[in-house]
Amino acid sequence: MAKTKTVWYCTNCGNEYPQFLGKCPACGEWNTMKEMTVAPKKSSVRGAAQSVEADRKPLKLKEIDFSKENRLGLGMEEVDRLLGGGIVRGSLVLIGGEPGVGKSTLSLQIPLSHPKLNTLYVTGEESAEQVKMRSSRLGGADESNIQIFCETLIDNVIAEAAASRPDLVIVDSVQTMYTASIESTSGSVSQVKEVAAMLLRFAKETGIPVILIGHITKDGYIAGPKILEHIVDVVLQFEGEARGSYRILRSIKNRFGSTAEIAVFEMTGGGLREVKNPSELLIPMHEANLSGTAICASLDGTRPLLFEVQALVSSAVYGTAQRSATGFDTRRLNMLLAVLEKRAGFRLAQKDVFLNMAGGLKVAEPAADLAVVAAVLSSNFDFPLPNDVCFAGEVGLSGEIRPVSGAARRLSEAARLGFKKIYVSSYEKLPDPQAGISIIPLSDIPDLVKKLFK
Ligand code: TYD
Ligand code: MG
């Protein structure tokens with residue numbers, strides 16, 4: 001029998017080495033090496049000449065047969081749009097997310113909302129009764145055409161799928177599956193890698209698309225190292241606070257479409273609801289104007305999204321002021337406060353500042369700076385902003401307002417939602433103003449204060 005071999009791999013980039021190294025030569029990270037066992041190859045390649053199959057030849061690009069029918073529409077419109085118009089036949093799609101975010105709910109809802117789809121739903125986490133209970137809560141269980149398979153041995157899953165030939169295979173989750181050809185426990189790097197590779201081979205050979213669920217660890221890696229992302233065709237990341245009600249499905253890798261897309265869902269008692277117009281939900285319908293809120297015209301991927309930024313500025317009770325931000329980078333908040341202090345003369349050092357992005361959103365784009373600054377100043381002066389204005393601009397270290405990407409798209413979304421004014425950088429080159437919305441150019445923070453609060 002062939003000897004089992006061990007290799008060391010980097011948990012950061014997934015590169016493998018024959019021995020332990022303190023620092024990974026590929027990505028430069030320290031102390032990231034872990035050991036894993038590799039199974040012996042079942043049969044060795046006998047030599048290049050012999051392994052060439054007669055029917056595998058290069059093809060002329062123009063001769064390759066391509067029919068539009070190679071995509072399969074799933075039940076959920078937003079998921080289809082995110083995938084680029086349905087799931088590509090023979091592709092392996094990974095849906096990653098933290099525990100409790102709703103991956104199992106989503107993956108069950110996809111076949112439930114498409115009764116014609118003959119689906120093999122493989123679960124290694126729940127019993128058939130649990131799945132039944134969940135699906136009756138989600139509705140559509142009676143008309144659906146789903147086979148539930150509680151199995152963790154991937155070889156059995158593939159044998160079953162190869163025999164029954166469903167339209168779609170869903171595997172929940174990659175971490176619970178294992179193959180008998182590798183000795184390590186399920187969820188280990190070598191198992192996860194092999195399970196994904198086996199499913200990829202199955203998908204490519206049969207043309208049946210496979211959706212694979214994967215848990216993300218705290219630091220955002222799928223299955224620890226990023227190994228799975230290299231193997232699969234599409235990576236969709238499911239984000240959102242497990243306690244909040246909004247979820248964002250983001251395409252972070254797509255071999256068959258754009259990655260600048262998101263889909264928004266709301267978690268309700270009856271499962272996930274597709275939110276076609278996310279801005280309308282994230283903008284509050286306050287009767288009275290409240291101080292400390294400002295609307296940000298943001299762009300997530302190619303999708304404009306308007307949401308409310310809330311700030312609370314109050315006198316510090318303890319010696320050092322507290323700064324806390326939910327859904328926004330605290331360091332960036334500190335930077336913006338320092339800019340306000342230094343460039344516009346606001347004394348915020350003795351003030352506690354709390355910042356919150358509505359709806360549990362996580363905002364990473366610099367275009368939100370202007371709305372954050374406006375909300376902080378509004379709370380500081382206790383001066384409510386009109387509720388028909390919105391903001392899109394980056395704040396630089398010298399207090400200047402800088403232009404943002406996709407300004408025209410932000411503008412038309414704001415106009416569509418009935419906003420009357422949008423505050424942007426004076427360097428912004430915008431097309432003709434849209435009907436009903438006026439563009440207010442700002443050069444720097446003092447300019448913002450002058451135009452907004454006086
Ligand atoms: P789940 O899909 O099991 O998360 P994951 O597979 O990503 O770990 O569900 C996550 C949460 O969603 C769960 O805590 C309960 C909630 N939920 C609802 O609010 N409504 C529903 O209809 C369902 C099915 C779940
Ligand atoms: Mg689950």
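Read the numbers this way: they start at 1 and go in the same order the structure lists the ligands and their atoms. Basis for what follows: all heavy atoms, side chains included, without hydrogens, waters or symmetry-related copies.
At least one N or O atom of Arg137, backbone or side chain, sits closer than 3.5 Å to an N or O atom of ligand 1. Residue-to-ligand polar distances keep Met267 apart from ligand 1: every N/O pair is separated by 3.5 Å or more.
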| task | Please assess Tyr17 against Trp8 for the test ring-ring contact (aromatic ring centres under 6.0 Å, His included), listing each intermediate value before the final yes or no. | result | CA-CA 5 Å; Tyr17 305 95; Trp8 294 83; over 10 Å; no

| field | Evaluation steps, side chain to side chain contact (heavy atoms under 4.5 Å, CB included), between Val309 and Thr293 | value | CA-CA 6 Å; Val309 177; Thr293 65; over 6 Å; no

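The aromatic rings of Tyr423 and Phe391 lie parallel to each other, their planes meeting at an angle below 30°, with 60° marking the opposite boundary.
Atom 4 (O) of ligand 1 has its nearest heavy-atom neighbour, among Ser107, Gly96, Gly102, in Gly102. Within the set Thr105, Leu108, Val101, Thr123, the minimum heavy-atom distance to atom 2 (O) of ligand 1 is found for Thr105.
Of all non-hydrogen atoms in Gly240 and Val101, the two that sit nearest each other are O-CG2, 3.8 Å.
Residue-level proximity to ligand 1 for Pro99 is carried by the backbone, the only part with a heavy atom below 4.0 angstrom.
With 2.8 Å as the limit, Thr105 does not count as an N, O or S neighbour of the Mg ion (ligand 2).
Remark: Glu98 does not engage Lys103 in a salt bridge, criterion side-chain N to carboxylate O under 4.0 Å. Ion pair Lys204/Asp233 flagged as a salt bridge, since at least one NZ, NE, NH1 or NH2 atom sits closer than 4.0 Å to an Asp/Glu carboxylate oxygen. A salt bridge links Arg81 and Glu78; the closest N-O separation between the charged side-chain nitrogens and carboxylate oxygens is under 4.0 Å.
If you check which protein heavy atom lies closest to atom 10 (C) of ligand 1, you get Gly100 O, 3.1 Å. For atom 22 (O) of ligand 1, the closest non-hydrogen atom on the protein side is Gly271 N, 2.8 Å.
Using a 4.0 Å cutoff on heavy atoms, Thr268 counts as a contact of ligand 1. Ligand 1 has no atom lying under 4.0 Å from any heavy atom of Gly97.
Close approach of ligand 1 to Gly269 is summarised as follows: ligand atoms under 4.0 Å from at least one heavy atom of the residue are 20 (N), 21 (C), 22 (O).
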